[in-house]
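One-based numbering along the sequence shown.
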Amino acid sequence: MPASDRVAVVTGASSGIGEATARGLAKASFKVVLGARREDRIAAIAGELGGRGLHLDVRDLASIQAFVGAIAAEYAQVEILVNNAGLAAGLQPLAEGSDDDWVQMMETNVLGVLRVTKAMLPLLRRAPRSHIVNLGSVAGFEVYPGGVGYTASKHAVRAITKTLRLELLGEPIRVTEIEPGMVETEFSLVRFKGDQQRADTVYQGMMPLTGADVADCIVWAVTRPPHVNIDEMVVRPIAQATVRDVARQA
């Protein structure tokens with residue numbers, strides 16, 4: 001397709017992995033559409049990249065519909081969808097867990113992926129070839145104490161991705177899940193509700209991945225030859241072997 005027709009949509013694109021992915025895709029000659037709640041932030045990034053920034057709250061069905069409607073009004077088709085919007089909230093055992101935290105994670109990490117993908121499928125199907133990338137986590141196949149709500153949501157993302165791969169078999173739509181380990185973004189700050197000191201201890205004594213590291217994996221996956229599908233990719237910092245086994249310097 002001409003570069004002008006190669007549209008990539010990234011959710012949760014106002015910071016971290018989402019922002020880095022939008023930048024990487026723009027560098028790879030895609031027209032990028034950034035979706036996030038922080039409109040001023042995505043407008044600034046989109047302006048740098050020659051793309052479009054649109055308000056998107058993946059917990060709100062009406063917001064998703066308006067977001068996709070605005071994309072459809074400007075572009076005839078979409079080649080790439082990166083379902084990046086997601087979060088962790090809290091780190092309590094199940095017995096002490098917050099219902100509000102659980103609801104927030106399920107609505108964002110699970111229903112958000114389902115609803116955005118469903119709404120975007122008609123535009124993806126109009127492209128000669130297209131690609132859906134879901135941001136999972138090593139928490140999608142591992143578990144840890146205090147992570148019950150988050151791990152449940154990311155196990156669900158893995159199930160969604162695998163199901164889509166079967167349902168879209170035979171169509172020119174690739175489906176990939178990227179499963180990062182420890183990445184230093186706003187993730188821990190959000191999880192601990194703005195407690196910067198607690199968030200910093202997560203990465204103390206080790207070098208985590210950056211958003212750009214994960215974005216490199218996404219851009220590589222979507223730029224493979226059309227007949228190649230990267231089903232899933234696990235990427236961790238060298239200092240991390242599992243969610244609980246991390247080598248830290250004193």
With the 4.5 Å side-chain cut-off for hydrophobic clustering, are Val143 and Val138 part of the same group? no
Set out, in order, the CA-CA distance, both residues' side-chain angles and the distance that settles side chain to side chain contact (heavy atoms under 4.5 Å, CB included) for Asp101 and Gln92, then state yes or no. CA-CA 10 Å; Asp101 286 349; Gln92 300 88 13; 4.1 Å; yes
With no hydrogens and no angle check, do the side chains of Asn109 and Ser153 hold a donor and an acceptor under 3.5 Å apart? yes
With the side chain counted from C-beta on, respond yes when Val116 and Val68 share a heavy-atom pair under 4.5 Å apart, and no when they do not. no
Quick check: closest heavy atoms across Trp102 and Gly97, and the distance to 0.1 Å? CZ2-CA, 3.7 Å
Without placing hydrogens or testing angles, list every side-chain donor-acceptor pair under 3.5 Å for residues 118-128, not counting sequence neighbours.
| residue | atom | partner | partner atom | Å |
| --- | --- | --- | --- | --- |
| Arg125 | NE | Glu171 | OE1 | 2.9 |
| Arg125 | NH2 | Glu171 | OE2 | 2.8 |

Check step by step if side chain to side chain contact (heavy atoms under 4.5 Å, CB included) holds for Tyr75 and Lys31. CA-CA 10 Å; Tyr75 303 108; Lys31 281 187 170 293; 4.1 Å; yes
Of all heavy-atom pairs linking Phe67 and Gly35, the shortest is CE1-CA, 3.6 Å
Mind checking whether Glu79 and Arg129 have side chains closer than 4.5 Å, heavy atoms only? yes
Examine distances only and state if a side-chain atom of Arg174 and a backbone atom of Arg224 form a donor-acceptor pair shorter than 3.5 Å. yes
Check Glu232 with Arg158, please: is the shortest side-chain N to carboxylate O separation under 4.0 Å? yes
Considering all heavy atoms, the nearest Met182-Val246 contact: SD-CG2, 3.7 Å
How close do Ala85 and Gly12 get, heavy atom to heavy atom, and via which atoms? CB-N, 3.8 Å
State whether a side-chain donor-acceptor pair under 3.5 Å links Ser63 with Asp60. no
Distance col, row Glu177:CD vs Lys162:NZ, nearest 0.5 angstrom, shows 7.5 Å
CZ/Arg244: more than 12 non-hydrogen atoms of other groups inside 6.0 Å: no
Output for pair (Leu81 CG, Ile132 CD1), nearest 0.5 Å, gives 6.0 Å
Suppose we screen for salt bridge (charged side-chain N to carboxylate O under 4.0 Å, His left out). Which residues come up paired with Asp213, at least two apart in sequence or across chains? none
pair Gln104-Asp100: side-chain heavy atoms closer than 4.5 Å: no
Judged by atom type as modelled, is there a donor-acceptor pair below 3.5 Å linking the side chain of His155 to the main-chain atoms of Ala139? yes
Does the side chain of Ser14 pick up a donor-acceptor pair with the side chain of Arg41 at under 3.5 Å? no
Heavy-atom count around Gln197 CD within 6.0 Å, excluding the residue itself: above 12? no
Do Glu184 and Leu209 come close enough that some side-chain heavy atom pair is under 4.5 Å? no
With no hydrogens and no angle check, just 3.5 Å: does a side-chain donor-acceptor pair link Thr11 and Asn84? no
May I ask you to test the Val58-Val113 pair for a side-chain heavy-atom distance under 4.5 Å? no
Side-chain contact test, heavy atoms from C-beta onward, threshold under 4.5 Å: evaluate it for Leu135 versus Asn83 and give yes or no. no
Could you tell me whether the side chains of Asp200 and Gln196 share a donor-acceptor contact shorter than 3.5 Å? yes
Value for CD1 (Ile64) from CZ (Arg59), rounded to nearest 0.5 Å, stands at 11.5 Å
Mind checking whether Val183 and Pro208 have side chains closer than 4.5 Å, heavy atoms only? no
Does Arg236 pair with Glu142 as a salt bridge, N-O distance under 4.0 Å? yes
State, yes or no, whether a side-chain contact exists between Thr161 and Val175 at a heavy-atom distance under 4.5 Å. yes
Checking Thr176 against Asn229: is there a side-chain donor and acceptor pair closer than 3.5 Å? no
Distance-minimising heavy-atom pair for Met206 and Ala247: CB-O, 3.6 Å
Looking at Met233 and Ile230, what are the two nearest heavy atoms and their distance? CE-CG2, 4.2 Å
When you look at CG of Leu166, are more than 12 heavy atoms from neighbouring residues, nucleotides or ligands closer to it than 6.0 Å? yes
Contacts of Asp231 that satisfy salt bridge (charged side-chain N to carboxylate O under 4.0 Å, His left out) - sequence neighbours left out: Arg165
